[in-house]
Number of protein chains: 2
Amino acid sequence: MEQNFRCNCPITSAIDVVGDKWSLVIIKQMLTEGKKTFKDFMESDEAIATNILSSRLKMLEQFKIINKGKLPENKKTNIYTLTDKGIALTPIIVELSIWSDNNLREFHSALYEGEQIEMIRNKKEKFINHIIENYKKNNWLQHGV
Amino acid sequence: MEQNFRCNCPITSAIDVVGDKWSLVIIKQMLTEGKKTFKDFMESDEAIATNILSSRLKMLEQFKIINKGKLPENKKTNIYTLTDKGIALTPIIVELSIWSDNNLREFHSALYEGEQIEMIRNKKEKFINHIIENYKKNNWLQHGV
DNA sequence: ATCTTTGCTTGCATTTAGCAAGTAATGTTT
DNA sequence: AAACATTACTTGCTAAATGCAAGCAAAGAT
């Protein structure tokens, strides 16, 4: 996988991995919208195409950002969960949200408002931990096993 | 510009603006490598193509993330500087750097090491301010005017 | 007056993303 | 058990973004 990196700068390398149009959107959906199956992602506001979704999930699995598993009672549905590497992307996602709220409103008036973003801004560190704890709680089955 | 946004989610919208392969790399170069002219960006480790660089600089200017100006004594060289919107991207860049250092090393063994990343990790908030103050100091001419 | 530097643009090739349709395996309903 | 529906894909084609090489005009240096 080494040949995929443009250079040895950590910032550029992070962008090489999760800097495409969809990776961080998928991770956001897992982290804050409780999405975990192929169908869940398909039905998102963002309307990702199925071939792109499929290739992105494979790539994220290769970089150990997500796990692919199944529940014992269902042999059809794949359950995708964030690994620790994936959960560690939370601060990036939170900072993107804060930046948009502060700087993009003049170009995009319909941006979500309100409590959640206010909460993120006021108590960033606490909110990051809240999102992570919430994610872990709702995915205890996968994380426990 | 409204039609460029996939939906009303702030995270997705931030990715719509700076989530391409080059925007955050250019901003990183300005913020941490002191680059400010077309030539500076051209000569980077990452080796951006000139047509892409040109279109990215225009786009970043449209979103008021950078300013394009000239020094009084030189009519040829364009000087690009970060606006406050651009400087506000610093926390995102810092978090990308931390994530890489903690999570990408197994896939990219040649990642830069050492002091700087250690410093970022240990004292994140202080380091963000240090980067910003340093940038502002070196660009006082543009910021002052 | 000529040469070099800077900041581009243009044309073409390649890669990545998007859309619509198809499909195989599983699960559900009658 | 047969038919239908759901899930998680793949395939083929189109469109958009990126990459490469060359060219070029304006400004500055020699």
Side-chain angles (χ1 to χ4, degrees), chain A residues 1 3-7 12-13 15-27 29-30 34-63 66-81 142, chain B residues 1 3-7 12-13 15-27 29-30 34-63 66-81 142:
Chain A
M1 259 184 264
Q3 78 282 3
N4 297 327
F5 294 101
R6 277 173 281 187
C7 63
T12 304
S13 300
I15 295 166
D16 285 336
V17 175
V18 295
D20 67 283
K21 196 170 171 182
W22 288 106
S23 294
L24 284 176
V25 172
I26 292 169
I27 291 155
Q29 291 175 355
M30 296 177 81
K35 303 200 169 174
K36 52 185 76 166
T37 66
F38 197 91
K39 198 193 165 214
D40 287 342
F41 300 120
M42 259 178 58
E43 290 170 345
S44 67
D45 283 359
E46 288 94 350
I48 184 168
T50 57
N51 53 346
I52 310 288
L53 176 56
S54 176
S55 75
R56 259 343 74 109
L57 290 171
K58 269 174 199 146
M59 189 271 284
L60 292 172
E61 202 188 352
Q62 273 174 28
F63 279 108
I66 62 173
N67 272 324
K68 183 179 182 175
K70 288 194 196 287
L71 295 174
E73 70 270 20
N74 187 324
K75 285 176 192 168
K76 193 160 79 170
T77 306
N78 292 323
I79 306 283
Y80 298 94
T81 51
Q142 283 75 42
Chain B
M1 260 186 262
Q3 79 282 3
N4 297 328
F5 293 100
R6 276 173 282 187
C7 63
T12 304
S13 299
I15 296 166
D16 285 335
V17 175
V18 295
D20 68 282
K21 196 170 169 180
W22 290 106
S23 294
L24 284 176
V25 173
I26 292 169
I27 291 155
Q29 290 175 356
M30 298 177 80
K35 303 200 168 175
K36 50 185 75 167
T37 67
F38 197 91
K39 198 193 166 216
D40 287 341
F41 300 120
M42 258 178 58
E43 291 171 344
S44 67
D45 284 358
E46 289 93 351
I48 183 167
T50 58
N51 54 344
I52 308 290
L53 175 56
S54 176
S55 76
R56 260 339 79 105
L57 290 171
K58 268 175 198 144
M59 189 270 285
L60 291 171
E61 202 188 353
Q62 275 175 28
F63 279 108
I66 62 173
N67 272 324
K68 182 179 182 174
K70 286 194 199 287
L71 293 174
E73 68 271 18
N74 186 324
K75 286 175 190 165
K76 194 161 76 170
T77 306
N78 292 322
I79 306 282
Y80 298 94
T81 51
Q142 283 74 42

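Each chain gets a letter, A, B and so on, in the order the sequences are listed, and its residues count up from 1.
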Looking at every strand, decide which applies to B:Thr77 at a 4.0 Å heavy-atom threshold: base, sugar-phosphate, or nothing.
-> sugar-phosphate

Using a cut-off of strictly less than 4.0 Å, decide whether A:Asn74 has a side-chain nitrogen or oxygen near OP1 or OP2 of C:dT26.
-> no

Hey, could you give me the CD1/NZ distance between A:Ile48 and A:Lys21, rounded to the nearest 0.5 Å?
-> 10.0 Å

Starting at atom CD of B:Glu43, determine the distance to atom P of C:dT5, rounded to an integer number of angstrom.
-> 11 Å

With a 4.5 Å heavy-atom cut-off, do A:Ser55 and A:Met59 have their side chains touching?
-> no

Classify the side chain of A:Thr50 and the base of D:dT10 as holding, or not holding, a donor-acceptor pair under 3.5 Å.
-> yes

Side-chain N or O of B:Ser54 closer than 4.0 Å to phosphate OP1/OP2 of C:dT9 | yes

C:dT6 base to B:Thr37 side chain: any donor-acceptor pair below 3.5 Å?
-> no

No-H, no-angle donor-acceptor pair, A:Lys76 side chain to D:dT6 base, under 3.5 Å | yes

When the distance from CD1 of A:Ile52 to P of D:dA16 is rounded to whole Å, what number comes out?
-> 14 Å

Distance test, side-chain N/O of B:Arg56 to OP1/OP2 of D:dA17, below 4.0 Å | no

Within the structure, does a side-chain N or O atom of B:Lys36 lie under 4.0 Å from either OP1 or OP2 of C:dT6?
-> no

Whole angstrom is fine here: how far is it from NZ in B:Lys58 over to P in C:dG7?
-> 13 Å

Separation between OG1 of B:Thr37 and CD1 of B:Ile79, rounded to the nearest 0.5 Å = 6.5 Å

Assign A:Tyr80 to base, sugar-phosphate, or nothing according to its heavy-atom contacts below 4.0 angstrom with the strands shown.
-> sugar-phosphate

Considering just the side-chain nitrogens and oxygens of A:Lys39, establish if one lies under 4.0 Å of OP1 or OP2 belonging to D:dT7.
-> yes

With A:Arg56 as partner, the option from A:Asp20, A:Asn51, A:Val18 fulfilling side chain to side chain contact (heavy atoms under 4.5 Å, CB included) is A:Asp20

Between A:Trp22 and A:Glu46 the two heavy atoms that sit nearest each other are CH2-O, 3.4 Å

Starting from C1' on D:dC9, measure out to CE on A:Met59 and report it in whole angstrom.
-> 18 Å

Kindly indicate, with the supporting measurements, whether the criterion side-chain hydrogen bond (donor to acceptor under 3.5 Å, both in side chains) is fulfilled by B:Ser13 and B:Asp16.
-> CA-CA 5 Å; B:Ser13 299; B:Asp16 285 335; 4.6 Å; no

Roughly, in whole Å, what's the span from NZ in B:Lys21 to P in C:dA17?
-> 10 Å

Contact nearer the 5' end of DNA chain C, comparing A:Ala47 with A:Lys75 = A:Ala47

Any A:Asn51 side-chain nitrogen or oxygen under 4.0 Å from OP1 or OP2 of D:dC13 | no

Find the distance B:Lys68:NZ to C:dT6:P and express it as a whole number of Å.
-> 16 Å

Are B:Trp22 and D:dG19 close enough that a side-chain N or O sits under 4.0 Å from OP1 or OP2?
-> yes

To the nearest Å, how far apart are B:Phe38 CZ and D:dA26 P?
-> 17 Å

Please state how far atom NZ in B:Lys35 lies from atom C1' in C:dT6, giving the value in whole angstrom units.
-> 16 Å

